[in-house]
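This chain uses plain numbering: 1 for the first residue, then up along the sequence.
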Amino acid sequence: MSPRHILILGGTTEARELAAALTTHPGVRVTTSLAGRVSRPGAVEGEVRIGGFGGAEGLADWLRAEQVDAVVDATHPFAESITANAARAATATGVPAVVLRRPGWRPGPADHWHGVASLDEAAALLSSLGHRVFLTTGRLGLAAFAHLTDLRFLVRSVDPPEPPMPPHTEVLLARGPFTVTDETALLREHRIDVLVTKDSGGAATSAKLAAARDLTLPVVVVRRPPLPAGTEAVPDVPGALERLGLSP
C-alpha cells in the first residue's frame, strides 16, 4: 500500500511544525512546497520542493502526477494568490484541502491602531500620523511607499529589498522572533513615531506591537485579505491534524 501523500504549501512556522508532526506518522509522505522568495528558509522535515507550480492548473497537474491525497495551505496570511490557486486546484482534482492560518492580532484598550485594507491605504495615511516610519510589511511591497519623499523609513526584512522604495530608507536585515525590550530600544534609537505592519499574527513579530503600545505610538495595521468563498481556516497544527484525520 502506497503512503498517504500530503502536500504542505508555505514556509511559515506553522508549516514547519506541521511537517515535523506529520513525519512522525507511519505511512505518511510529506512534501513541503516553498515559493523560494526567502534565501534562507528554516529547516523543514520531510521532502521539500522549491518554486511555483504555474498557477492553479499547474498545481492541479502536480497533485495528479504526484498522487497527492490532501493539501494543507499553510502559506502566509497575505499570500492571496497562492491561497486562491490552491482552492481552485483542490476543487478541480477533488483533493481535500485544509487552510492553516494563525489567528490575527487584536488591539487592546491602550493600543492606537489604524486598520487599512491595503499598503496603498497605509501610505495615504502616514503623513497625518508621523514622519519617521518603522515599516515591517516585508520587502515586496515597498513600491507603495516610494512616492513619500518627505518621510524617513526604517525597513526591516529577512532579505534585502529591491527598488522602487522611498528615497529616505534605512534597511535592517533581521529575522524574528524579537523581544519587547529590543523592539522598544530600536524604536527609541531611530526616533520612530509611527509603525506600519501587516496583520500577520503569531508571536515571532508581535513584540513590536507591545513596544509601540508602551511608547504610545500609532500603528497602521494592514488587514488580511479574505479567504476564498466557502473556505474555512483552522488556527493551529492540532486543528490541521484533526482535519486530516490524524492525531496530534
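- By the 4.5 Å heavy-atom criterion applied to side chains, Leu244 and Arg4 are counted as neighbours.
- There is a path of hydrophobic side-chain contacts, each under 4.5 Å, that joins Leu241 to Val234.
- Atoms CG and CG, from Leu100 and Asp73 in turn, are 8.5 Å apart once rounded to the nearest 0.5 Å.
- Placement of Val133 and Val222 within a single hydrophobic cluster is found when ILVMFWY residues are connected by side-chain heavy-atom separations under 4.5 Å, directly or transitively.
- Inspection of the Thr149 and His168 side chains reveals no N or O donor paired with an N or O acceptor under 3.5 Å.
- Here CG of Leu126 is found 10.0 Å from NE2 of His114. Values are rounded to the nearest 0.5 Å.
- With hydrogens and angles ignored, the 3.5 Å screen pairs no side-chain donor or acceptor of Thr75 with any backbone N or O of Leu9.
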- Task: Quick one: do Ser200 and His76 satisfy side-chain hydrogen bond (donor to acceptor under 3.5 Å, both in side chains)? Show the steps, please.
- Result: CA-CA 7 Å; Ser200 301; His76 192 276; 3.3 Å; yes
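- Without hydrogens or angle criteria, Thr231 side chain to Leu227 main chain gives no donor-acceptor distance under 3.5 Å.
- Val44 and Leu18 are members of different hydrophobic clusters when ILVMFWY side chains are connected at heavy-atom separations under 4.5 Å.
- Connection of Leu217 to Val194 is not established within any shared hydrophobic cluster, with ILVMFWY side chains joined at heavy-atom distances below 4.5 Å, either directly or through further cluster members.
- In this view, Arg188 and Thr184, Leu215 satisfy the side-chain contact (heavy atoms from CB on, under 4.5 Å) rule, not counting sequence neighbours.
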- Task: Show your reasoning for whether side-chain contact (heavy atoms from CB on, under 4.5 Å) applies to Val220 and Trp113.
- Result: CA-CA 6 Å; Val220 179; Trp113 288 15; over 6 Å; no
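- Not one N or O on the side chain of Asp111 forms a donor-acceptor pair closer than 3.5 Å with the backbone of Arg213.
- Scanning both residues, Val237 and Ala21, for their nearest heavy atoms gives CG1-CB, 4.4 Å.
- Judged by distance alone, the side chain of Arg223 and the main-chain N or O of Gly115 form a donor-acceptor pair under 3.5 Å.
- Side-chain heavy atoms closer than 4.5 Å link hydrophobic residues (I, L, V, M, F, W, Y) into clusters, and following such links, possibly through other members, connects Val72 to Val30.
- Judged purely by atom type and a 3.5 angstrom limit, Arg102 has no side-chain atom pairing as donor or acceptor with the backbone of Glu14.
- The only option from Val196, Val155, Leu195 that meets the side chain to side chain contact (heavy atoms under 4.5 Å, CB included) definition with Phe134 turns out to be Leu195.
- For the pair Arg156 and Phe178, the cation-pi criterion (under 6.0 Å, within 45° of the ring axis) is fulfilled.
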- Would Leu148 and Phe153 count as a side-chain contact (heavy atoms from CB on, under 4.5 Å) if you check the C-alpha gap in whole Å, the side-chain angles of each, and the deciding distance to 0.1 Å? CA-CA 10 Å; Leu148 298 175; Phe153 289 84; 3.9 Å; yes
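- Side-chain contact check for Pro3 versus Val28: every heavy-atom pair is 4.5 Å or farther apart.
- Shortest non-hydrogen contact noted between Thr32 and Gly10 is CG2-O, 3.5 Å.
- Under 3.5 Å, the side chains of Ser118 and Asp120 contain no donor-acceptor pair of N or O atoms.
- Looking at Thr83 and Arg101, their side chains do bring a donor and an acceptor atom within 3.5 Å of each other.
- Remark: side-chain polar atoms of Arg64 are not paired, donor with acceptor, to backbone N or O of Thr93 under 3.5 angstrom.
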- Item | Residues Leu209, Thr197; criterion side-chain contact (heavy atoms from CB on, under 4.5 Å); working and verdict | CA-CA 9 Å; Leu209 300 173; Thr197 187; 4.2 Å; yes
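- His25 contributes a side-chain N or O that, together with a main-chain N or O of Ser247, makes up a donor-acceptor pair within less than 3.5 Å.
- Between Pro218 and Leu129 the shortest heavy-atom distance is CG-O, 4.1 Å.
- With rounding to the nearest 0.5 Å, the separation of CG in Leu140 from CZ in Phe78 is 13.0 Å.
- A side-chain donor-acceptor contact under 3.5 Å links His5 and Thr31.
- Using a 4.0 Å cut-off between charged side-chain N and carboxylate O, Arg16 and Glu45 make no salt bridge.
- Side-chain contact between Leu119 and Thr137 is present, with heavy atoms from C-beta onward closer than 4.5 Å.
- For the residue pair Arg243 and Ala97, the shortest heavy atom distance occurs at NH2-O, 3.9 Å.
- Atoms CD1 and CG, from Ile6 and Leu246 in turn, are 5.5 Å apart once rounded to the nearest 0.5 Å.
- Contact check on Glu66 versus Arg49 returns no salt bridge, with no Lys/Arg side-chain nitrogen under 4.0 Å from an Asp/Glu carboxylate oxygen.
- A heavy-atom distance below 4.5 Å is not found between the side chains of Val71 and Pro96.
- Evaluated for a side chain to side chain contact (heavy atoms under 4.5 Å, CB included) with Asp182, the options Leu186, Val180, Thr179 yield exactly one hit, Thr179.
- Note that CD of Glu189 and CG of Leu154 are 9.0 Å apart. Values are rounded to the nearest 0.5 Å.
- No side-chain heavy atom of Leu142 sits under 4.5 Å from any side-chain heavy atom of Pro164.
- A distance-only check finds no donor-acceptor pair linking the side chain of Asp199 to the backbone of Gly104 [under 3.5 Å].
- Every residue meeting the ring pair (Phe, Tyr, Trp, His ring centres under 6.0 Å) condition with Phe53, not counting sequence neighbours, appears here in chain and number order: Trp62.
- Between His190 and Leu187 there is no side-chain heavy-atom pair separated by less than 4.5 Å.
- For the pair Val219 and Ala212, the tightest heavy-atom approach, listed with the atom from each and the gap, is CG2-CB, 3.6 Å.
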- Message: Ile8 vs Ser33, test: side-chain contact (heavy atoms from CB on, under 4.5 Å). Steps then yes/no.
- Response: CA-CA 6 Å; Ile8 302 173; Ser33 177; over 6 Å; no
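- For the pair Ser206 (side chain) and Trp105 (backbone), a donor-acceptor distance under 3.5 Å is absent.
- With values rounded to the nearest 0.5 angstrom, Gln67 atom CD is found 14.0 Å from Leu7 atom CG.
- Scanning both residues, Ala60 and Ala89, for their nearest heavy atoms gives N-CB, 3.8 Å.
- Judged purely by atom type and a 3.5 angstrom limit, Ser157 has no side-chain atom pairing as donor or acceptor with the backbone of Pro160.
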